[in-house]
Amino acid sequence: MADRITYVGLDVHKESIVVAVASGGLRGEVREYGRIANTATALDRLLRKLGGEGMTLRFCYEAGPCGYGIQRRLSTQGHECIVVAPSLIPKRAGDRVKTDRRDAASLAKLHRAGELTAVWVPDARHEAMHDLVRARLDAVHSLRRARQQLSGFCCARAAAMVGRPGPNCIAADWRDSRSTIPSPRARRLYRGG
């Protein structure tokens with residue numbers, strides 16, 4: 001029954017996926033399948049070609065910026081798919097040549113040998129919460145950077161920041177004074193117009 005299992009290594013990129021297939025059994029061959037588009041229809045076509053009556057497909061790919069969409073799609077269609085942390089993939093010493101074909105073949109071979117460590121794949125709710133938290137942190141960092149730039153702008157013109165940072169943190173006498181800001185362009189920049 002182990003010979004009816006096919007291990008598929010995927011090297012996933014934004015627009016394409018390089019596919020390698022390892023036959024079941026300890027000494028089955030590992031062959032390059034080719035490059036497919038990173039679309040749902042291309043993935044479905046791959047499933048039809050590789051899968052057959054009584055054939056079990058087991059997929060794996062490296063975690064990366066493309067997310068977990070492929071894993072979710074394959075899992076909902078009844079196939080096992082693991083996502084592997086790139087730092088946990090065993091590599092031979094001195095093996096520095098890294099190509100898409102080699103990566104896919106290595107993933108298929110290591111998956112067949114059971115030497116890959118899967119990472120936790122968040123569901124859609126967890127991923128949405130993660131995106132929200134990341135967007136909030138980005139906004140906080142942007143606000144802090146803007147405040148620091150405004151503080152630097154004021155400091156370069158010998159104006160003091162008064163009070164808690166915010167829209168009303170600059171001294172009113174400086175705001176109305178034209179002598180402190182020598183350039184008309186700088187005055188326009190400060191007034192926002």
Side-chain angles (χ1 to χ4, degrees), residues 1-139 141:
M1 190 65 181
D3 291 333
R4 301 298 295 165
I5 298 174
T6 300
Y7 296 89
V8 184
L10 306 173
D11 192 45
V12 179
H13 300 282
K14 179 181 175 183
E15 296 182 5
S16 65
I17 302 172
V18 178
V19 182
V21 178
S23 305
L26 294 176
R27 299 199 183 271
E29 70 170 314
V30 178
R31 60 183 169 82
E32 178 190 346
Y33 178 83
R35 184 179 298 266
I36 63 170
N38 191 351
T39 62
T41 56
L43 204 56
D44 291 341
R45 192 177 317 120
L46 175 72
L47 291 175
R48 283 194 303 274
K49 285 185 180 179
L50 293 179
E53 190 91 15
M55 179 67 70
T56 302
L57 298 176
R58 294 187 179 168
F59 294 87
C60 68
Y61 69 95
E62 288 182 6
C66 294
Y68 304 106
I70 293 173
Q71 191 276 341
R72 289 191 186 113
R73 181 157 190 89
L74 293 171
S75 294
T76 56
Q77 294 186 5
H79 300 285
E80 178 188 312
C81 180
I82 63 169
V83 181
V84 182
S87 61
L88 299 178
I89 296 174
K91 291 186 177 37
R92 285 189 293 236
D95 189 15
R96 290 194 172 92
V97 179
K98 192 163 166 42
T99 65
D100 297 343
R101 290 177 16 209
R102 279 189 180 184
D103 286 349
S106 174
L107 283 171
K109 192 183 301 183
L110 291 169
H111 189 35
R112 177 179 65 192
E115 296 182 15
L116 296 177
T117 305
V119 297
W120 175 70
V121 178
D123 60 2
R125 287 180 50 217
H126 279 94
E127 201 163 8
M129 183 57 73
H130 180 262
D131 291 343
L132 180 66
V133 169
R134 181 174 283 175
R136 184 188 178 281
L137 283 174
D138 287 345
H141 289 281

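The residues of the chain are indexed from 1 along the displayed sequence.
Panel note: side chain Arg4, backbone Thr56; no donor-acceptor pair is recorded below 3.5 Å.
With values rounded to the nearest 0.5 angstrom, Phe59 atom CZ is found 4.5 Å from Leu47 atom CG. Taking NZ of Lys98 as the reference point, atom NZ of Lys91 lies at 5.5 Å (rounded to 0.5 Å). The distance from atom CZ of Arg35 to atom CZ of Arg101, rounded to the nearest 0.5 Å, is 9.5 Å. Interatomic distance, CG of Leu107 versus CG of Leu10, reported as 8.0 Å (0.5 Å rounding). Considering CD1 of Ile82 and OG of Ser75, their distance stands at 11.0 Å, rounded to 0.5 Å. Between the SG atom in Cys66 and the CD atom in Gln71 there is a gap of 14.0 Å [rounded to 0.5 Å].
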Check the pair Leu74, Leu43 against side-chain contact (heavy atoms from CB on, under 4.5 Å), reporting the backbone distance first and the verdict last. CA-CA 9 Å; Leu74 293 171; Leu43 204 56; 4.2 Å; yes
Please determine whether side-chain contact (heavy atoms from CB on, under 4.5 Å) holds for the pair Tyr61 and Asp11, giving the CA-CA distance in whole Å, both sets of side-chain angles, and the decisive distance to 0.1 Å. CA-CA 6 Å; Tyr61 69 95; Asp11 192 45; over 6 Å; no
Go through the steps for Ile70 and Ile17 under the test side-chain contact (heavy atoms from CB on, under 4.5 Å), then give the verdict. CA-CA 10 Å; Ile70 293 173; Ile17 302 172; 3.6 Å; yes
Could you walk me through whether Val8 and His79 pass the side-chain contact (heavy atoms from CB on, under 4.5 Å) test, one step at a time? CA-CA 11 Å; Val8 184; His79 300 285; over 6 Å; no
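Side-chain contact check for Met55 versus Leu50: every heavy-atom pair is 4.5 Å or farther apart. With a 4.5 Å cut-off on side-chain heavy atoms, Thr99 and Val18 do not count as touching. Side-chain contact between Ile36 and Arg45: absent, with no pair of heavy atoms (C-beta onward) separated by less than 4.5 Å. A heavy-atom distance below 4.5 Å is found between the side chains of Val21 and Arg31.
Exactly one residue among Leu116, Thr117, Leu110 makes a side chain to side chain contact (heavy atoms under 4.5 Å, CB included) with Val84. That residue is Leu116.
Ionic pairing of Arg73 and Asp44 is present here: one or more N-O contacts between side-chain nitrogen and carboxylate oxygen are shorter than 4.0 angstrom.
More than 12 heavy atoms of other residues, nucleotides or ligands lie within 6.0 Å of CZ in Arg72, so this atom counts as buried by the packing criterion. Around NE2 of His130, the count of heavy atoms belonging to other residues, nucleotides or ligands within 6.0 Å does not exceed 12.
For His126 and Asp123, the side-chain atoms include at least one donor-acceptor pair closer than 3.5 Å.
Looking at every heavy atom in both residues, Ala20 comes nearest to Ala108 through O-CB, 3.8 Å. Of all heavy-atom pairs between Ala22 and Arg112, the closest is CB-NH1, 3.9 Å.
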